[in-house]
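Every chain is numbered from 1, with letters handed out A, B, ... down the list of sequences. The structure displayed is predicted, hence computed values, not measured ones.
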Amino acid sequence: MLSKSQYIRGLQCHKSLWLLKHRPELRAKPDAEEQALFDTGNTVGDLACQLFPGGVEIKFDPQSFDDMIEQTRQLIADGVEVIYEAAFKQNGIFAMADILVKNGDVWDVYEVKSSTSVKGYHYNDAAVQWVALSEVLTLGRIHIVHLNNQYIRQGELDIQQLFTIDDITANVLTLVDGVPEYLAEMEAMLKADEPQILIGTHCDDPHSCDFKSHCWQDVPDVSVFNLYRMNAAKKFDLYHRGIVQYTDIPSTEPLSSVQRIQVETASSGQPLIQPQIVKDFVDDLTYPLHFFDFETFMEAIPRFDGQKPFMQMPFQYSLHILHENGELIHKEYLGDEFSDPRPDLVVQMIQDLGEQGSIIAFNQSFEISRIKELARDFKDYKPGLLELIPRFKDLIVPFRNLGYYHPDFNGSFSIKSLLPAMFPNDPELDYKQLDIQNGGMAMDAFANLSRLKDPDHRDTIRQALLDYCRLDTLAMVRIYQSLHKI
DNA sequence: CCCATGCTGTTTAATCTGAA
DNA sequence: TTCAGATTAAACAGCATGGG
């Protein structure tokens with residue numbers, strides 16, 4: 001008996017399903033931070049239930065699915081017309097329907113997703129749901145309930161506005177006929193030996209597989225999979241033709257300029273330096289240099305007025321100001337976790353950034369987008385905010401343009417790739433020393449800060465946030481200084 | 001999970017060429 | 001002058017990458 005989620009997993013890759021059943025110990029430990037970051041499903045599901053009030057909820061209990069199924073059966077028999085988390089074991093599959101609503105003689109199904117649109121894989125999900133339920137109930141329509149990221153909170157949450165309901169019945173009905181066949185295929189596969197399925201795009205699409213580290217253990221750290229901006233299908237084509245290492249690549253293979261440099265520097269072990277490209281970047285900067293970086297949080301359900309679902313909310317920045325005489329000054333802002341951090345941030349940011357000198361960000365489109373949003377939402381400061389935008393310079397540019405390429409970048413121009421390659425063994429610039437090591441962790445830490453009861457604990461985390469963000473801009477300063485020396 | 005950007009590959013439109 | 005066929009340019013879509 002498969003569950004719906006197992007079936008969906010099996011659609012993506014049979015081997016993954018087989019491993020889950022027979023070799024669960026090979027599953028990667030769920031990455032704690034990754035796990036927490038977008039674990040909003042429960043909250044979203046509970047809120048969506050309010051769209052159909054007055055129903056009865058089946059309590060989820062992984063130990064006793066049979067009880068849940070029996071409760072569901074009983075509720076239906078009793079004439080209850082709205083059921084949350086209704087459980088079914090039917091047609092060879094165990095499935096739970098987020099919301100079931102009696103509509104005359106038929107039942108309508110609502111699947112709640114915390115995404116902001118209907119995704120391709122939602123159809124398969126719903127098709128299994130349909131197959132599991134249709135034996136027991138006469139079904140009417142099936143819908144995806146998802147978030148509406150255009151909804152702007154003002155005062156109390158408006159549940160109707162927060163969600164969008166899409167009827168996907170027509171799409172689902174084209175898929176249901178195929179479900180029993182796939183199901184039988186999977187049941188048979190699970191009884192047989194481990195399926196021999198090669199690595200492929202299914203390892204990450206539509207979801208990243210928990211067994212990837214197992215299936216990918218023979219792929220070296222430096223391989224064709226690190227070739228910059230190469231289409232994934234093309235990478236797998238190379239790999240399956242036995243072209244794994246750069247030295248395997250035939251000279252006839254067309255490569256982009258970056259890819260060619262990757263291959264060449266990997267074999268020489270020497271970085272590539274094109275001084276003119278670096279000089280063009282450095283000469284374009286105006287002192288004092290403002291190295292600037294935002295941290296933002298993002299949540300499915302907006303907490304504050306003016307906030308939309310998944311909106312990037314700036315709550316912190318770090319700013320290193322480097323003067324022409326070498327003087328380096330650090331400024332920072334970290335908002336209060338109990339209220340909208342943006343209003344105070346805007347005021348201090350405009351003051352700290354002054355009126356003169358380049359503003360340097362890494363991948364500036366992120367910072368510029370946030371500033372444009374702040375200008376839109378805080379009209380009083382709109383001119384001051386918009387004036388900042390033309391001062392921006394992007395520190396990633398000289399690298400992407402191959403002014404400096406180190407083989408240890410391994411095909412990535414992210415700041416977290418550049419830093420250890422350019423400053424190995426420099427404890428001052430080592431993110432691994434920090435409690436918060438990347439933007440995702442920062443985002444999660446702040447979003448959850450207000451829920452922590454212990455003020456000392458909150459202070460510890462606030463200090464970790466300050467340390468992290470400070471290092472981001474200090475890293476930019478050091479990178480700039482090393483470019484300047486070229 | 002979201003979004004902006006910029007690269008890549010493909011499709012469509014525009015332009016050029018050479019032979020009738 | 002005309003037009004098929006070839007070549008080049010522009011437009012578009014999809015994907016990869018970066019940030020959080």
Side-chain angles (χ1 to χ4, degrees), chain A residues 31 33-41 43-44 112-122 146-151 201 204-208 224-237 254-259 262 292-302 307-318 335 341-342 345 360-374 389 392 394-397 399-402 409-419 431 436-448 465 468-469 472-473 475-476:
Chain A
D31 200 350
E33 80 233 27
E34 195 78 11
Q35 184 84 1
L37 187 46
F38 301 112
D39 190 15
T40 54
T43 331
V44 174
V112 182
K113 303 291 173 191
S114 48
S115 61
T116 58
S117 63
V118 178
K119 301 284 164 65
Y121 49 83
H122 291 154
H146 60 84
L147 289 163
N148 164 25
N149 63 359
Q150 297 308 302
Y151 164 62
T201 52
D204 285 295
D205 180 35
H207 300 293
S208 186
V224 293
F225 290 106
N226 298 307
L227 288 171
Y228 186 67
R229 274 187 179 280
M230 181 179 279
N231 181 282
K234 199 167 164 184
K235 289 176 177 174
F236 283 111
D237 180 56
L255 294 177
S256 73
S257 53
V258 177
Q259 292 162 359
Q262 280 184 258
F292 186 74
D293 181 47
F294 275 133
E295 301 303 320
T296 65
F297 68 89
M298 195 168 70
E299 48 201 358
I301 311 298
Q307 188 182 355
K308 301 180 195 176
F310 293 116
M311 179 175 172
Q312 300 266 10
M313 297 279 283
F315 66 88
Q316 178 180 13
Y317 66 78
S318 171
R342 294 174 301 165
L345 178 143
I360 300 165
F362 200 89
N363 206 29
Q364 63 179 23
S365 76
F366 182 79
E367 270 67 30
I368 290 177
S369 298
R370 301 294 81 77
I371 289 176
K372 285 180 179 167
E373 288 164 6
L374 291 170
I389 293 174
F392 267 86
D394 198 335
L395 189 56
I396 203 173
V397 164
F399 293 96
R400 211 187 263 148
N401 291 347
L402 294 175
F409 291 176
N410 201 11
S412 165
F413 298 107
S414 76
I415 194 163
K416 306 287 185 287
S417 300
L418 303 192
L419 213 51
Y431 284 95
I436 291 172
Q437 301 176 1
N438 58 56
M441 289 174 83
M443 189 178 234
D444 188 50
F446 190 83
N448 291 313
L465 283 165
Y468 164 70
C469 197
D472 258 356
T473 52
M476 286 197 277

For a quick check of understanding: with a heavy-atom distance under 4.0 Å over all strands, which category does [X] fall into, base, sugar-phosphate or nothing?
X: A:Ile368; answer: nothing
X: A:Asp205; answer: nothing
X: A:Ala232; answer: sugar-phosphate
X: A:Phe294; answer: sugar-phosphate
X: A:Lys119; answer: sugar-phosphate
X: A:Gln312; answer: base

For A:Ser412, all residues meeting side chain to side chain donor-acceptor pair (under 3.5 Å), sequence neighbours excluded: A:Ser414, A:Ser417
Consider the side chain of A:Asn363, meaning its heavy atoms from C-beta on, and name the nucleotide among C:dG18, C:dT17, B:dC2 that approaches it most closely. C:dG18
Counting side-chain heavy atoms from CB outward, which of B:dC2, C:dG19, C:dG20 is closest to A:Phe362? C:dG19
Pairing residues for A:Lys372 by the salt bridge (Lys or Arg N to Asp or Glu O under 4.0 Å) criterion, not counting sequence neighbours: none
Could I get the full list of salt bridge (Lys or Arg N to Asp or Glu O under 4.0 Å) partners for A:Asp293, not counting sequence neighbours? none
When the distance from [atom1] of [X] to [atom2] of [N] is rounded to whole Å, what number comes out?
X: A:Phe310; N: B:dC3; atom1: CZ; atom2: P; answer: 9 Å
X: A:Gln364; N: B:dC3; atom1: CD; atom2: C1'; answer: 16 Å
X: A:Asp472; N: C:dG19; atom1: CG; atom2: P; answer: 9 Å
X: A:Lys308; N: B:dC3; atom1: NZ; atom2: P; answer: 9 Å
X: A:Met311; N: C:dG20; atom1: CE; atom2: P; answer: 18 Å
X: A:Phe399; N: C:dT17; atom1: CZ; atom2: P; answer: 18 Å
X: A:Leu419; N: C:dG19; atom1: CG; atom2: P; answer: 11 Å
X: A:Gln262; N: C:dT17; atom1: CD; atom2: P; answer: 10 Å

Please check if the distance between the ring centroids of A:Phe366 and A:Phe294 is under 6.0 Å. no
Donor-acceptor side-chain pairing of A:Thr201 and A:Asp205 below 3.5 angstrom: no
Does this structure show an ion pair linking A:Arg370 with A:Glu373, if we count only N-O contacts that are shorter than 4.0 Å? yes
Protein-to-nucleotide contact annotation, 5' to 3' order, nucleotides 4-10 of chain B [B base; S sugar-phosphate only; - none; under 4.0 Å, heavy atom]: SSBSSS-
If only side-chain N and O atoms of [X] are considered, is one of them under 4.0 Å from the OP1 or OP2 phosphate oxygen of [N]?
X: A:Tyr121; N: B:dC1; result: yes
X: A:Asn149; N: B:dC3; result: yes
X: A:Lys416; N: C:dT17; result: no

For A:Phe225, all residues meeting ring pair (Phe, Tyr, Trp, His ring centres under 6.0 Å), sequence neighbours excluded: A:Trp216, A:Phe236, A:Tyr239
Residues in ring pair (Phe, Tyr, Trp, His ring centres under 6.0 Å) contact with A:Phe446, at least two apart in sequence or another chain: A:Phe297, A:Phe315
